[in-house]
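What follows is one structure encoded as structure tokens, with my remarks underneath.
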Amino acid sequence: MQARERQAQRNAVVELVKVAPIAEELAQRFAAAGHRLYLVGGSVRDALLGRLGTDLDFTTDAHPEQVRELLTGWAETIWDTGIQFGTLGAYRHGTTVEITTFRADTYDRVSRNPDVAFGDTIEGDLVRRDFTVNAMAIELPARTFVDLHGGMADLAERRLDTPAAPEDSFADDPLRMLRAARFVSQLGFTAADRVVTAMTDMATQITRITPERVQVELSKLLCGEHPRRGIELLVETGLADHVLPEVPAMKLEIDEHHQHKDVYRHSLTVLDQAIDLEKAEDPDGAPDLVLRLAALLHDIGKPATRRFESGGGVSFHHHEVVGAKMVRKRLRALRYPKDVIKDVADLVFLHLRFHGYSDGQWTDSAVRRYVNDAGPLLPRLHKLVRADCTTRNKRKASALQRAYDDLEERIARIAAAEDLAKVRPDLDGNEIIRLLGVEPGPVVGQAWKHLKELRLDRGPMSHDEAVEELFNWAREQGIEVP
């Protein structure tokens, strides 16, 4: 343990050296004015983990207006959007800093809004922080470690614990329970037993938190390195019952292939496999929140559609339709952006479409429709469908993958010949108006839709063929053709 802690300290010093000019300059300015300055919280944690970035958090005994004076003339930019909480931000030479006055807040334990009070000591500031690994500080410029709550030991053991009793910490701010699951995902840590117990006992307190704040934490959790672990902690403690109840609802549902303990475990496996595919395609890319949400939620319609068949089997007919509706409802409740809601719901709706392909009966028309319906979501749909092939029957799994390989090859082949990414009628709206001699309106839209359906069925047509088909349709509708 001591060896690990010494190595962690050395890591922190190495990381600090990388940003030393900025940190040192700032510390010297504060010291010259008679104030103390500490690198604190996540910045110290990340320095100890060897991954300190260019966003630095500091705490000080100086009050906000004093901090502003010290930043003026040094920082290239200063902002005070968090000044009501004692925080000012600044930017200099590619580094962003946030400096917060020592805090000694109290909470009414009805809302999560603190009665902001400035403190006098680093000790009082650290004890009010969420987790021990975020309750360490480095005094500058001396680079003296301040670790009053065993944060370094917890970091070495990859354990998530609270400085104070977790019951008190979570009663002050229930959002910290979601942050616990988020840090489990982001850092790969394990929550201490007493933290898990408190989260379980106090799960209902999460209803004090606004949907917007819940959504932010869920998104960060899903975009972490170990989202499965974070989701499992939410479900284990009962927090998911209040923030994402559709996920634990899948826990007891057996899937139709009888190859998984339950749909819940299957969904976690799909999430893992989707992330593997995401990283394989772009190892350095940003996490794909839409894909991860779709992977986790793709089967949430199964509990509502479960039917026990006469032969002893279980079916979930149209669970993709029901699931898409449930996704829209849940993500709206969590205040996700409209484009995220639409994309996730569309992926859930489409994720079963491929399974009609494996018998080899799809026509080129069906392939075109698959591409057209997926639109820009097609690359994500490819990953989701492949991730959903989780059967333990290796022969069947190989057959499914080969079938999807074949489908992708057909898509590429047809796309090369027909520009599938831009499937549209062979006549545009202006030509339809000119050819039929009609005014802009519903008739033009109906004609355009008819021509698009023909385009999907038959592929590209010549201009003359498209005009002929337009006139045929117009006659059927009782429209006089010029």
Side-chain angles (χ1 to χ4, degrees), residues 178 181-182 185-186 211-232 234-235 240 243-247 249-250 263-264 266-302 319-355 370-390 404 407-408 411 420-421:
L178 285 184
R182 189 243 289 185
S185 169
Q186 289 181 327
E212 291 83 357
R213 296 305 301 271
V214 170
Q215 179 245 105
V216 168
E217 291 299 326
L218 281 176
S219 295
K220 289 179 178 179
L221 184 161
L222 283 169
C223 291
E225 286 293 315
H226 312 277
R228 177 175 186 147
R229 295 179 62 176
I231 293 295
E232 287 175 333
L234 291 182
V235 172
V243 300
L244 205 58
E246 295 81 3
V247 171
M250 294 188 288
V263 175
Y264 166 68
H266 162 74
S267 298
L268 293 178
T269 299
V270 173
L271 174 61
D272 286 340
Q273 295 184 170
I275 293 171
D276 289 342
L277 292 169
E278 171 192 312
K279 291 181 177 179
E281 181 179 82
D282 187 0
D284 299 320
D288 188 339
L289 176 63
V290 167
L291 176 63
R292 296 181 183 202
L293 279 167
L296 178 65
L297 303 177
H298 75 285
D299 274 348
I300 62 171
K302 280 189 171 179
H319 74 268
E320 75 281 12
V321 178
V322 173
K325 292 179 180 177
M326 293 172 67
V327 162
R328 290 189 189 94
K329 182 177 180 181
R330 175 52 50 198
L331 297 189
R332 285 192 193 112
L334 289 170
R335 308 292 194 270
Y336 272 96
K338 290 181 180 179
D339 59 332
V340 172
I341 295 171
K342 181 182 185 305
D343 287 350
V344 176
D346 285 351
L347 286 170
V348 171
F349 179 74
L350 292 169
H351 84 275
L352 277 188
R353 185 79 61 86
F354 157 72
H355 291 281
Y370 187 76
V371 173
N372 182 72
D373 290 348
L377 293 174
L378 186 62
R380 284 174 168 143
L381 184 59
H382 287 334
K383 296 186 188 74
L384 178 60
V385 173
R386 288 186 180 277
D388 194 28
C389 298
T390 61
Y404 208 83
L407 174 58
E408 287 203 59
I411 289 172
L420 269 185

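Excluded from the calculations below are hydrogen atoms, water molecules and symmetry mates; all remaining heavy atoms, backbone and side chain alike, are included.
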Do any side-chain atoms of residues 337-350 form donor-acceptor pairs under 3.5 angstrom with protein atoms, and if so which ones, sequence neighbours left out?
residue, atom, partner, partner atom, Å
Lys342, NZ, Asp346, OD2, 2.7

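Nearest heavy atoms, Ala274 versus Leu291: O-CD2, 3.9 Å. The shortest heavy-atom contact between Arg335 and Gln215 is O-NE2, 3.0 Å. Of all non-hydrogen atoms in Ser267 and Asp299, the two that sit nearest each other are OG-CB, 4.1 Å. The two residues Leu244 and Arg330 make their nearest non-hydrogen contact at CD1-CG, 3.7 Å. The nearest pair of heavy atoms linking Tyr336 to Leu289 is CE2-CD2, 4.1 Å.
Under the salt bridge (charged side-chain N to carboxylate O under 4.0 Å, His left out) criterion, Arg228 pairs with Glu232, Asp272, sequence neighbours left out. For the side-chain contact (heavy atoms from CB on, under 4.5 Å) test, residues two or more places apart in sequence or in another chain that qualify with Ala240 are Leu234, Val235, Pro248. In this structure Lys220 satisfies the side-chain hydrogen bond (donor to acceptor under 3.5 Å, both in side chains) test with no other residue, sequence neighbours excluded. Val322 is linked by a side-chain contact (heavy atoms from CB on, under 4.5 Å) to Ala304, Thr305, Met326, counting only residues two or more places apart in sequence or in another chain. Partners of Lys279 according to the salt bridge (charged side-chain N to carboxylate O under 4.0 Å, His left out) rule, which considers only residues two or more places apart in sequence or in another chain, are Glu225. Partners of Asp276 according to the salt bridge (charged side-chain N to carboxylate O under 4.0 Å, His left out) rule, which considers only residues two or more places apart in sequence or in another chain, do not exist here. Qualifying salt bridge (charged side-chain N to carboxylate O under 4.0 Å, His left out) partners for Arg332, counting only residues two or more places apart in sequence or in other chains: none. For Arg386, the side-chain hydrogen bond (donor to acceptor under 3.5 Å, both in side chains) partners are Gln401, Asp405, Glu408, not counting sequence neighbours. With sequence neighbours left out, Glu278 forms a side-chain hydrogen bond (donor to acceptor under 3.5 Å, both in side chains) with Arg292. Residues forming a side-chain hydrogen bond (donor to acceptor under 3.5 Å, both in side chains) with Lys325 (at least two apart in sequence, or on another chain): none. By the side-chain contact (heavy atoms from CB on, under 4.5 Å) test, Ser185 pairs with Leu221, Pro227, sequence neighbours left out.
Distance check: Leu293 CG to Leu218 CG gives 8.5 Å after rounding to the nearest 0.5 Å. From Asp388, atom CG reaches atom NE2 of His266 across 4.0 Å, with rounding to the nearest 0.5 Å. The distance from atom CG of Asp373 to atom CZ of Arg353, rounded to the nearest 0.5 Å, is 4.5 Å. Between Ile411 atom CD1 and Tyr370 atom OH the span is 6.5 Å, to the nearest 0.5 Å.
Annotation: side chain of Leu296 is in contact with side chain of Leu268 (closest heavy-atom distance under 4.5 Å). Under the 4.5 Å side-chain criterion, counting only non-hydrogen atoms from C-beta, Val263 is not in contact with Ile300.
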Next on the checklist: Assess the residue pair Met250 and Lys302 against the criterion (side chain to side chain contact (heavy atoms under 4.5 Å, CB included)); give the C-alpha distance rounded to whole Å, side-chain angles, the decisive distance to 0.1 Å, and a yes or no.
Outcome noted: CA-CA 7 Å; Met250 294 188 288; Lys302 280 189 171 179; 5.9 Å; no
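Paired with Asp288 under the rule side chain to side chain contact (heavy atoms under 4.5 Å, CB included), one option of Arg380, Lys383, Glu281 passes, and it is Arg380.
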